[in-house]
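Report on the following structure.
Throughout, protein chains are lettered first and strands after them, A, B, ... in sequence-line order, and every chain is numbered starting at 1.
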Number of protein chains: 2
Amino acid sequence: MGITERKERQRKEVRDSILTSAWQLVNEEGWQNLSIRKIADAIEYSVPVVYDHFENKEAILSEFNHRGFKLLGDRLKEAKEKHHKANLQLEALAYAYWDFAFENKEYYQLMYGLGMPTCESLSSVPELMAFIGVIHSTIEELLKESGNTTDIWLKVHSFWSTIHGLVSINLMSPPTNHMGMTNNEFNKTILKDFLKGFLKGLE
Amino acid sequence: MGITERKERQRKEVRDSILTSAWQLVNEEGWQNLSIRKIADAIEYSVPVVYDHFENKEAILSEFNHRGFKLLGDRLKEAKEKHHKANLQLEALAYAYWDFAFENKEYYQLMYGLGMPTCESLSSVPELMAFIGVIHSTIEELLKESGNTTDIWLKVHSFWSTIHGLVSINLMSPPTNHMGMTNNEFNKTILKDFLKGFLKGLE
DNA sequence: GTATTTTTCCTAACAGCGTTAGCAAAGGTA
DNA sequence: TACCTTTGCTAACGCTGTTAGGAAAAATAC
């Protein structure tokens, strides 16, 4: 009775072709322009067939979300295995993470909810410069005080990026408990730790 | 001839009420659920009137984007002015930035293009743990080697957040030139700088 | 081999979206 | 009062996610 097997196989084929077509569309037009109708068109089935395989559009994107984290995990593991000393491994992890993000922008944006339709590029916001300026002048003075000649903008961006990273990851995950703290408290501890190290780097 | 003045005043009133209603809707239902029709409903005008004041929906959200950065800048300035020593100022900046983000989530999400419709909360992605695990084990070993008793997870999150911050800010701004580098090169320099400091913090 | 049931898949619709064309009414001017 | 300009509406276009209901095809039973 290979009929049910064949049916299951065919079902899987359709499901796979949905994902393949969807991913192609995402790479061609960005995930914000993905639509069920376009997918249906690409797989040469009618729209409701898509809903036989995925509960809704979000379920399809969720699939890619998971694949993205899987892929990132694999890349990190590969990078780590190329070295034996832990400090070199950590360095390799950082670069592997970086490369993954830029070589798979669509994945990365999906994974972290980035790049929404109305998000303008930062450089087109004049108010940005005023706010960065406050940070800049503070760091400038600290560097001057200690005679440190490191590039100011490098430190400014480092300061900004780190806090933004902490904030945005915290904004995404609902408060869980870690060491008896909420996420928010935990990340504020990280912020403290970061500040200590950062200030030391300015001496 | 106060007629034109009155008309201009009334025009401004409508424009303001569009922004006020829009912001209220954003706070009630999130910016992803904002629609021109809802705004029109709230201001008790028909839909095309909205388009007499804003070219499109993006222009409305762009307004909030700018307001957000303006507000953040003001908060930072206030925080800074409460202290005189530059190191305390920098610390205050960090906490002010943090507080702004969490007290004005809608602004922050808008400003950085965060929280798109399909972005699931991180904790619901099992693959995440595998990828974090790779980082965890590496840092664990580094701490063990040097006998450092700092909490591992604190360092893991710090590592992750920092790189994510750098990546996501870089993904947003198109490559510009700073010190003869592209954004990407520049931020990779920051990454290097960060790694140096981070490794030192594990010793 | 025909009848029945199940599965597969489509058409058509609903309710919403951003956006715009075109017209009616109101307001201001001569 | 007659004209013109501004204002603001209705109604539509083309798109979106999603679903109800029925037709055709395939598998099963007799």
- Message: Would the distance check show the side chain of B:Ser21 and the main-chain N or O of B:Ser17 forming a donor-acceptor pair, the cut-off being under 3.5 Å?
- Response: yes
- Looking only at atom types and distance, does a side-chain atom of A:Glu185 sit under 3.5 Å from a main-chain N or O of A:Thr182, one as donor and one as acceptor? yes
Salt-bridge test for [X] and [Y]: reply yes if a basic N is under 4.0 Å from a carboxylate O, no otherwise.
X	Y	answer
A:Asp41	A:Arg37	no
B:Arg75	B:Glu103	no
A:Glu63	A:Arg67	yes

Tell me the interatomic distance from [X], atom [atom1], to [N], atom [atom2], rounded to whole angstroms.
X	N	atom1	atom2	result
B:Glu55	C:dT20	CD	C1'	13 Å
B:Leu25	C:dG18	CG	P	11 Å
B:Gln32	C:dG16	CD	P	19 Å
A:Phe54	D:dT18	CZ	C1'	16 Å
A:Glu8	C:dT7	CD	P	13 Å

Taking only N/O atoms, report every protein-nucleotides 14-17 of chain D pair under 3.5 Å with atom names and distance.
unit_1 : atom_1 : unit_2  : atom_2 : d
D:dT16 : OP1    : A:Ser35 : OG     : 3.1
D:dG17 : OP1    : A:Ile36 : N      : 3.2
D:dG17 : OP1    : A:Lys57 : NZ     : 3.2
D:dG17 : OP2    : A:Ile36 : N      : 3.1
D:dG17 : N7     : A:Arg37 : NH1    : 2.6
D:dG17 : O6     : A:Arg37 : NH2    : 3.0

- Task: Give the intermediate values and the outcome of side chain to side chain donor-acceptor pair (under 3.5 Å) for residues B:His83 and B:Gln89.
- Result: CA-CA 6 Å; B:His83 298 84; B:Gln89 285 179 334; over 6 Å; no
Table of protein N/O atoms under 3.5 Å from nucleotides 3-10 of chain D N/O atoms:
unit_1 : atom_1 : unit_2  : atom_2 : d
D:dC9  : OP2    : B:Ser46 : N      : 2.7
D:dC9  : OP2    : B:Ser46 : OG     : 2.6

- Message: Which residue is it: B:Ile39, B:Asp52, B:Val49? I am looking for the one with a side chain to side chain contact (heavy atoms under 4.5 Å, CB included) to B:Ile18.
- Response: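 Checked B:Ile39, B:Asp52, B:Val49 against B:Ile18; only one passes side chain to side chain contact (heavy atoms under 4.5 Å, CB included): B:Ile39.
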- More than 12 heavy atoms of other groups within 6.0 Å of A:Glu28 CD: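 For A:Glu28, atom CD is crowded (more than 12 foreign heavy atoms under 6.0 Å).
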